[in-house]
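Remarks on the structure that follows.
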Amino acid sequence: MIWSIAWRNIWRNKIRSTIVLVAITIGLFAGVFSTGFYKGMADMRVESGIKTEVSHIQIHKPDFMLNNEISLYFDSSNQIVSRINEMESVIASSRRIEAECFFKTAHGTRGVRIVGVEPDREKKVTDIFEQMVEGDYLAGDHRIPRILVGKTLGEKLKLKIGSKIPVDMVDMNGNFSSKLYKIGGFFETTNKGFDERTVFVRFDQLQQQLNLPDNAAHEIAIYLQNDANIDIVQGKLQEKFPQLDVKNWRQIGKELALVTDSMDQYMYIFVIIILLALCFGIINTMLMVVLERTKELGMLMAVGMHRAKVFLMIILESIFLSLSGGILGIIIGYGVIKYFEDTPIVLDIFKGFEHYGYSSKVYTNLPPEMALNIAGLVFIIGIISALYPAWKAIRLDPADAIRTD
Amino acid sequence: MNILETKNLHKVYDETSVPVYAVNGIDLTIKKGEFTAIVGPSGSGKTTLLNMIGGLDRPTKGEIIVNNVKLNDLSSRKLTDFRLKNIGFVFQAYNLIPVLTAKENVEFIMQLQKRPKKERDKRTISLLEAVGLGDRVNSRPAKMSGGQQQRVAVTRAIASKPQFVLADEPTANLDSKSTENLLEIMEELNRKEQITFIFSTHDQRVVKKARRVITVDDGKIVKDETRDPEKD
Ligand SMILES: Nc1ncnc2c1ncn2[C@@H]1O[C@H](COP(=O)(O)OP(=O)(O)OP(=O)(O)O)[C@@H](O)[C@H]1O
Ligand SMILES: [Mg+2]
């Protein structure tokens with residue numbers, strides 16, 4: 001019966017309870033919605049990071065990742081690709097050659113990372129080919145080989161489709177090598193930093209320029225059906241190719257992993273701050289409740305209600321109050337998030353984030369378990385807020401409480 | 001059979017600069033089935049006495065024995081249990097839980113006593129009918145008159161089958177008709193169910209109904225008379 005008393009007690013002062021409830025609802029809506037918003041932003045960053053930049057798994061010669069030394073290549077790369085493609089859960093894999101190069105133009109010299117890719121295979125592994133804003137992806141053979149440049153880099157160096165530029169680097173033998181490429185197209189990903197640092201050419205062209213042996217590669221990128229069993233696939237690959245170093249996207253794109261790992265924590269901290277603010281409102285309300293009902297509480301204890309029950313009754317009232325507001329806020333927030341899961345929120349003020357790989361179009365996302373956890377936090381805050389008022393209530397002396405006017 | 005005995009009972013309030021001797025050496029025995037009024041001027045110590053008898057307040061000195069249990073020795077927890085099982089309370093006001101209906105209010109104590117639901121239902125309804133509230137079973141206190149509320153309070157007090165019912169000025173907030181009505185009900189319960197009532201009052205009409213009248217002044221019993229109220 002104390003459950004029902006606690007619930008009905010909330011509605012004794014309808015206006016006051018409604019105000020508290022609405023405050024909690026708004027607070028939780030704000031908390032849940034921002035969580036979903038930033039989570040959506042982070043997820044998209046990770047997704048585009050995987051799809052455009054790193055793919056799921058990469059294979060290198062050990063230590064290649066440390067210093068990108070061009071001599072750290074591996075042989076039989078074609079056979080390795082075939083063996084990987086036979087594996088379960090693997091959609092495709094593609095070889096790459098990578099080097100640091102200098103990019104000389106009339107408007108400046110730039111050091112960028114040049115990546116040699118096999119266009120047909122690469123298309124199945126990353127989606128740069130879909131991000132072309134001008135020109136074509138590395139298609140066909142040309143007398144002067146084509147090079148793909150990020151839109152921002154192109155703009156900075158005032159490059160045009162068809163511009164010829166010499167690309168300088170040091171080859172395998174330590175000799176200076178310069179080769180002429182023609183701008184074949186510009187790409188634009190959600191990560192402006194990536195666009196500015198990276199250029200693409202054909203695998204064989206770069207192999208030739210670097211004087212690498214046939215069938216040598218620096219990297220194999222592997223795209224999986226999904227992220228879920230990445231650890232299993234990674235383990236199997238490592239078993240198959242013990243001399244090579246198999247890494248997943250979390251290990252490669254440290255900043256991508258940080259985005260996912262830290263985002264959840266930040267969001268919980270954010271929600272907890274909101275809840276703490278609400279906590280004071282609830283404490284205040286519950287203190288008023290105890291004060292107003294001094295006589296009644298005295299009567300309850302006088303007729304034989306144990307202090308523990310009185311304590312529980314006050315706590316329950318606070319929990320009910322917090323949870324009804326909280327759950328309402330969570331439901332509304334979750335509903336809004338569901339809506340914007342498919343319809344993006346477009347915010348111009350987020351344009352600045354594009355430089356760091358965040359899209360200004362945000363598809364919100366909130367895993368249900370996160371919503372449940374937030375509800376759990378509301379529950380805990382309901383308890384915490386009522387502790388002091390409930391303690392005050394049980395400190396009442398029934399005889400005195402009944403005498404008070 | 002004595003159901004209540006106090007020996008040399010004292011209560012001193014000394015939080016203030018001048019100590020107040022609210023109860024100052026009271027020896028009292030109550031037998032089962034009594035219908036006793038405690039009267040006396042304001043501040044004479046009636047409420048203080050009733051609170052100590054009911055285990056709500058602890059004496060400064062002296063003993064209280066209810067049904068062979070010495071209340072002085074009980075811990076606060078045990079005392080709460082003791083009140084729940086042995087004593088019915090009716091206060092001047094704020095007797096009922098506002099959010100509960102008449103039936104739920106009466107049931108509440110039986111529920112704290114962990115009586116089975118069937119028994120609770122049956123007893124609650126029959127008692128409320130007996131006090132003339134059969135049609136107000138599902139009303140909340142705010143929808144009832146003061147007299148009706150006090151009848152619910154009396155019903156709640158006796159529903160738990162206590163050793164005795166303590167009522168501190170139960171009619172103070174009632175008009176004369178409701179007062180008469182409440183007294184009739186208390187008398188009837190006393191007669192039919194042998195329930196012991198101890199009540200304090202200022203009201204001479206209420207005093208007249210009592211079979212024993214104890215007069216206190218300055219924390220002492222100054223008069224204790226037993227009589228037949230029918231003769232008045
Ligand atoms: N908690 C307390 N602290 C100090 N003094 C108290 C306290 N409770 C009661 N008193 C004093 O004890 C004395 C007896 O009070 P009590 O309430 O028992 O009288 P009463 O006979 O019930 O009076 P009334 O008829 O007005 O209800 C009074 O002088 C009162 O002021
Ligand atoms: Mg009094």
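The sequence lines fix the lettering, A, B, ..., with proteins before strands; numbering per chain opens at 1. It should be emphasised that the depicted structure is a prediction, and the values quoted were computed from it without experimental measurement.
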Roughly how far apart are A:Ile402 CD1 and B:Asp168 CG, rounded to 0.5 Å?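 The distance works out to 9.0 Å.
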Interatomic spacing from CE in A:Met301 to CZ in B:Arg83 - rounded to 0.5 Å: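 That separation rounds to 9.0 Å.
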Answer with side chain, backbone, both or neither: which region of [X] has an atom nearer than 4.5 Å to a non-hydrogen atom of chain A?
X: B:Asp81; value: both
X: B:Ser76; value: side chain
X: B:Leu100; value: both
X: B:Arg140; value: side chain

Over 12 non-hydrogen atoms of neighbours within 6.0 angstrom of CG in A:Asn229: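 Buried by this count: over 12 neighbours within 6.0 Å.
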Crowding at NZ, B:Lys143 (>12 non-hydrogen neighbours, <6.0 Å):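 Check fails, neighbour count at 12 or below.
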Interface residues of residues 88-98 of chain B facing chain A - heavy atom cut-off under 4.5 Å: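 Listed by number, the contacting residues are B:Phe89, B:Phe91, B:Tyr94, B:Asn95, B:Leu96, B:Ile97, B:Pro98.
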Quick one: do B:Thr48 and A:Arg403 satisfy side chain to side chain contact (heavy atoms under 4.5 Å, CB included)? Show the steps, please. CA-CA 10 Å; B:Thr48 308; A:Arg403 270 181 203 265; 3.2 Å; yes
Is B:Arg156 reaching over with its side chain to a backbone N or O of A:Val303, donor-acceptor style, under 3.5 angstrom?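 Checking the backbone N and O of A:Val303 against the side chain of B:Arg156, no donor-acceptor pair under 3.5 Å is found.
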If we only count heavy atoms from C-beta on, is the B:Leu112 to A:His306 side-chain gap below 4.5 Å?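 No, too far: nothing below the 4.5 Å cut-off.
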Take A:Leu300 and B:Phe108 through the side chain to side chain contact (heavy atoms under 4.5 Å, CB included) test and state the conclusion after the steps. CA-CA 10 Å; A:Leu300 287 171; B:Phe108 181 67; 3.6 Å; yes
Of the listed residues (B:Ile109, B:Asp57, B:Leu84, B:Val99), which shares the most heavy-atom pairs with chain A below a 4.5 Å separation?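 Option with the top pair count is B:Val99.
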Which region of A:Arg307, side chain (C-beta onward) or backbone (N, CA, C, O), has a non-hydrogen atom less than 4.5 Å from a non-hydrogen atom of chain B, or is it both or neither?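 Contact with chain B involves the side chain of A:Arg307 alone.
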